[in-house]
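A short worksheet on the structure shown next.
Note that these values count all heavy atoms, side chains included, but never hydrogens, waters or copies made by symmetry. Below, chain A is the first sequence line, B the second, and so on; all start at residue 1.
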Amino acid sequence: MYDIKWIRDNAKLFDEGLARRGLTARSAELLVIDDERRKAVTAVQGAQEARNAASKAIGQAMGRKDMAEADRLKAEVAALKDAMAEGEIEQARAETALNAVLEALPNLPLPEVPTGADEHDNVEYRRHGERPGFNFAPKQHFELGEAWGEMDFEAASRISGARFVVLRGELARMERALGQFMLDLHTREHGYTEVSPPLLVREQAVYGVGQLPKFEEDLFKTTSGHYLTSTAEVTLSNLVREQILDDLTQPLRFTALTPCFRSEAGAAGRDTRGILRQHQFWKCELVSITAPDQSGAEHERMLSCAEEVLKRLGLHFRTMTLCTGDMGFSSAKTYDIEVWLPGQDTFREISSCSVCGDFQARRMNARFRPKGERSVQYVHTLNGSGLAVGRTLIAVLENYQNADGTVTVPEVLRPYMGGVEQIGKAA
RNA sequence: GGAAGGGUGGCCGAGUGGUUUAAGGCAGCGGUCUUGAAAACCGCCGUGGGUGCAAGCCCACCGUGAGUUCGAAUCUCACCCCUUCCGCCA
């Protein structure tokens with residue numbers, strides 16, 4: 001969400017930013033509405049001022065028992081009311097129109113974000129490790145899981161429909177192990193506080209992170225009017241909504257391991273095999289709340305925390321800086337981490353780390369009072385996956401598979417799996 | 001689901017139609033005093049908006065929205081949220 005005053009003072013910057021996002025200039029149109037709004041406000045306030053003065057005089061006249069004067073003033077105020085009502089209607093109209101445009105506009109990219117149309121214009125930031133060599137043709141994750149009878153799409157389909165899965169046995173256990181491992185790493189070594197949040201939330205919480213009103217179709221909504229969270233970013237970021245934090249010299253860092261629910265409305269026919277794109281999946285989320293001057297450094301730190309998960313699992317990945325055309329609605333800059341999947345012979349997104357500046361903070365009304373200062377400021381928010389558990393499971397299966405169709409358990413996961421070193425059935 | 005009570009500034013909390021500004025306290029900031037600190041005392045101290053070069057002036061905001069009134073934190077209606085008790089329930 002934008003501050004219209006900022007647009008007034010920075011119309012050119014605003015339009016240039018939108019242009020980099022592939023959007024047309026909006027400042028001229030917005031400033032016309034804003035001008036109408038301010039004219040109405042000024043008119044209404046002038047009338048209110050006159051009314052307040054007259055009302056006060058009425059009280060004083062009645063105190064003196066001067067009823068003639070009181071009646072004369074009452075007539076005066078009555079005349080003001082028509083003008084006021086008219087102005088109020090115009091003011092409400094302009095405010096509604098202004099807000100409707102503003103709340104549907106995405107965040108502006110930071111200067112260093114590469115300009116581009118889609119994912120083809122993303123720029124590699126760095127990479128880690130190397131592609132593992134295989135002396136056999138590596139299978140895709142679902143070929144392994146289905147062969148073991150531990151990844152059951154047919155049962156899931158009978159129970160829930162398409163884009164759901166039932167995991168069983170050691171595969172279910174490995175999914176759980178991955179989530180525990182991530183949570184432990186971020187809480188014990190990276191300074192994040194573990195949170196167990198609600199999965200059903202109010203509309204305003206979803207609005208706060210920018211998923212509403214524009215992306216309602218991507219979400220599941222309950223009969224009670226709640227939304228199922230598509231990511232723990234919603235709950236973790238909203239922990240500071242409508243708050244004025246006393247101080248923010250150190251970032252607040254939250255992590256949560258939760259199921260995530262997505263309708264995948266726009267993804268019909270895409271990634272239909274396997275567990276890559278599901279209506280429900282586990283994700284370990286990272287969220288930081290910082291002062292404005294710290295969000296850039298925190299973004300790099302958060303990215304490193306997410307990458308560390310893959311490093312410890314011994315997985316090859318590359319980190320991309322998303323171009324303007326591929327960034328999410330609320331983001332000012334996003335890094336995607338893409339893990340190597342030998343079964344698919346490609347890199348696939350496994351984490352997305354974004355810094356949102358004060359864009360979400362304005363929607364949530366999340367502020368802080370700098371130490372020793374009187375005025376309040378909006379916080380900066382950051383969110384990142386650390387990591388998507390289902391996709392990490394895919395990566396482990398495909399990268400650690402053996403020629404006989406079994407999978408070696410990565411060292412770091414073994415303590416979480418009762419010391420098991422290998423899972424799956426030999427073909 | 002039923003019943004009752006409640007929602008006032010960063011926090012607590014008074015305030016049931018006006019004639020001074022939402023009292024007072026806590027926290028915060030500045031000062032006096034002090035070697036320093038604490039205490040005490042003095043002063044400042046809500047948010048958003050309009051207007052103005054500025055100092056300032058003005059408007060709105062007491063959960064939200066309507067209404068009554070010359071005038072609403074206060075009266076009326078609807079809604080939202082919270083708490084407690086009962087019922088149901090893992």
Side-chain angles (χ1 to χ4, degrees), chain A residues 1-9 30-99 102-103 196-208 212-213 221-227 235 238-249 252 259 289 291 358 361-379:
Chain A
M1 188 65 125
Y2 295 97
D3 179 4
I4 186 65
K5 279 198 289 194
W6 183 87
I7 296 175
R8 220 185 284 156
D9 297 335
L30 283 166
L31 292 180
V32 166
I33 305 174
D34 180 49
D35 202 47
E36 291 165 357
R37 184 190 126 260
R38 286 191 292 158
K39 281 204 175 83
V41 166
T42 304
V44 168
Q45 291 189 353
Q48 285 171 330
E49 183 180 355
R51 179 204 61 192
N52 290 347
S55 290
K56 200 161 149 188
I58 289 168
Q60 288 165 342
M62 288 173 72
R64 296 192 304 268
K65 308 276 188 222
D66 184 352
M67 293 309 164
E69 173 67 359
D71 286 342
R72 192 188 65 74
L73 287 163
K74 281 186 192 181
E76 203 173 279
V77 174
L80 280 169
K81 288 190 122 181
D82 291 339
M84 264 172 58
E86 217 170 280
E88 279 166 6
I89 288 167
E90 167 63 8
Q91 184 184 336
R93 183 203 64 79
E95 281 171 358
T96 304
L98 200 58
N99 203 43
L102 289 178
E103 70 185 3
S196 176
L199 303 177
L200 266 56
V201 298
R202 290 195 177 133
E203 180 179 2
Q204 59 257 42
V206 187
Y207 178 91
L212 287 178
K221 191 176 186 179
T222 68
T223 51
S224 63
H226 288 98
Y227 289 89
T235 32
N238 274 284
L239 285 174
V240 296
R241 73 173 288 115
E242 293 165 58
Q243 298 283 305
I244 298 177
L245 305 172
D246 279 337
D247 185 30
L248 201 50
T249 43
L252 301 177
I289 310 295
D358 63 6
R362 287 179 185 282
R363 297 171 88 98
M364 298 190 295
N365 199 21
R367 296 169 294 173
F368 76 106
R369 197 184 302 275
K371 201 93 187 131
E373 278 187 43
R374 192 151 291 162
S375 62
V376 295
Q377 291 180 39
Y378 287 105
V379 301

Out of U51(B), G49(B), G48(B), whichever nucleotide has its closest atom nearest the side chain of Arg38(A): U51(B)
So which protein N/O to nucleotides 61-66 of chain B N/O distances come out below 3.5 Å?
none

Whole-Å distance separating the CG atom of Asp35(A) from the C1' atom of G50(B): 13 Å
Base-pairing mate for C11(B) - Watson-Crick or G-U, with both contacts under 3.5 Å: G25(B)
Euclidean distance for P, U47(B) against A23(B) (whole angstrom): 15 Å
5'-most by nearest nucleotide on RNA chain B - Val376(A) or Gly46(A): Val376(A)
Thr249(A): partners by side-chain hydrogen bond (donor to acceptor under 3.5 Å, both in side chains), with sequence neighbours left out: Asp247(A)
Partner residues of Glu103(A) under the side-chain hydrogen bond (donor to acceptor under 3.5 Å, both in side chains) criterion, sequence neighbours left out: Tyr207(A)
Which residues share a side-chain hydrogen bond (donor to acceptor under 3.5 Å, both in side chains) with Thr222(A), sequence neighbours left out: Ser224(A)
Inter-nucleotide C1' distance (U32(B), A39(B)), Å rounded: 13 Å
Pairing nucleotide - U51(B), Watson-Crick or G-U, each distance under 3.5 Å: G56(B)
Between C81(B) (C1') and Glu242(A) (CD): distance, integer Å: 11 Å
Qualifying residues under side-chain hydrogen bond (donor to acceptor under 3.5 Å, both in side chains), relative to Asn99(A), sequence neighbours excluded: none
Candidates C81(B), G50(B), C59(B) - which lies nearest the side chain of Val41(A): G50(B)
Sugar-phosphate or base contact per nucleotide [nucleotides 70-79 of chain B; S, B, -; heavy atom under 4.0 Å]: BS--------
Using a cutoff of under 3.5 Å, can you pull out all pairs of nitrogen or oxygen atoms linking the protein to nucleotides 10-13 of chain B, with atom names and distances?
none

Close side-chain approach of Tyr227(A) to Leu212(A), heavy-atom, < 4.5 Å: yes
Among C81(B), U51(B), C58(B), the one nearest Thr42(A) by side-chain distance: U51(B)
Salt bridge (Lys or Arg N to Asp or Glu O under 4.0 Å) involving Lys39(A) - partner list, sequence neighbours excluded: Asp35(A)
Atom P, compared across A27(B) and C41(B): separation rounded to whole Å: 12 Å
Atom pair CG/CZ of Leu252(A) and Phe368(A) - distance to nearest 0.5 Å: 11.0 Å
Contact under 4.0 Å: Arg8(A) side-chain N or O vs G50(B) OP1/OP2: yes
Exercise answer: donor-acceptor pairs, residues 84-91 of chain A side-chain atoms, under 3.5 Å, sequence neighbours excluded:
| unit_1 | atom_1 | unit_2 | atom_2 | d |
| --- | --- | --- | --- | --- |
| Glu90(A) | OE1 | Arg93(A) | NE | 3.2 |
| Glu90(A) | OE2 | Arg93(A) | NH2 | 3.2 |
| Gln91(A) | NE2 | Glu95(A) | OE2 | 3.2 |

Any strand: nucleotide that pairs with G46(B) via Watson-Crick or wobble, under 3.5 Å: C61(B)
Integer-rounded Å distance: G50(B) P and Glu49(A) CD: 16 Å
Counterpart residues, side chain to side chain contact (heavy atoms under 4.5 Å, CB included), relative to Val32(A) (two or more places apart): Glu36(A)
Sugar-phosphate only, base, or nothing, as touched by Lys39(A) at under 4.0 Å among non-hydrogen atoms: nothing
Interatomic distance at C1', G50(B) relative to C45(B), whole Å: 23 Å
Base paired to A73(B) (Watson-Crick or G-U; both N/O distances under 3.5 angstrom): none
side-chain N/O Asn52(A) vs A60(B) OP1/OP2, d < 4.0 Å: yes
side-chain contact (heavy atoms from CB on, under 4.5 Å) partner of Arg367(A), the single match among Leu245(A), Leu248(A), Val379(A), Val376(A): Val376(A)
Please tabulate, one pair per line, all N/O donor-acceptor pairs under 3.5 Å involving side-chain atoms of residues 42-52 of chain A, not counting sequence neighbours.
| unit_1 | atom_1 | unit_2 | atom_2 | d |
| --- | --- | --- | --- | --- |
| Thr42(A) | OG1 | Arg38(A) | O | 2.8 |
| Asn52(A) | ND2 | Gln48(A) | O | 3.4 |

Pairwise C1' distance for C77(B) and G24(B), with rounding to whole Å: 34 Å
Interatomic distance where CG belongs to Asn365(A) and P belongs to G46(B) [whole Å]: 18 Å
Any strand: nucleotide that pairs with G36(B) via Watson-Crick or wobble, under 3.5 Å: none
Watson-Crick or G-U counterpart of G1(B), or none if no pair lies under 3.5 Å: C86(B)
Closest non-hydrogen atom pair, Val201(A) against Pro198(A): CG1-O, 4.5 Å
Main-chain N/O of Tyr378(A) paired to Asp358(A) side chain as donor or acceptor, under 3.5 Å: no
Inter-nucleotide C1' distance (C75(B), G17(B)), Å rounded: 8 Å
Atom-pair distance (CD on Gln91(A); P on G49(B)), nearest Å: 13 Å
Whole-Å gap separating C1' (G48(B)) and CD (Glu95(A)): 11 Å
Whole-Å distance separating the CD1 atom of Ile4(A) from the P atom of G48(B): 17 Å
Length of the CG-P vector between Asp71(A) and U69(B), whole Å: 15 Å
Euclidean distance for P, U8(B) against C62(B) (whole angstrom): 11 Å
Touch class at under 4.0 angstrom, heavy-atom based, for Arg72(A) against every strand present: nothing
Partner residues of Arg241(A) under the salt bridge (Lys or Arg N to Asp or Glu O under 4.0 Å) criterion, sequence neighbours left out: none
Distance between C1' atoms of G2(B) and A14(B) (Å, rounded): 34 Å
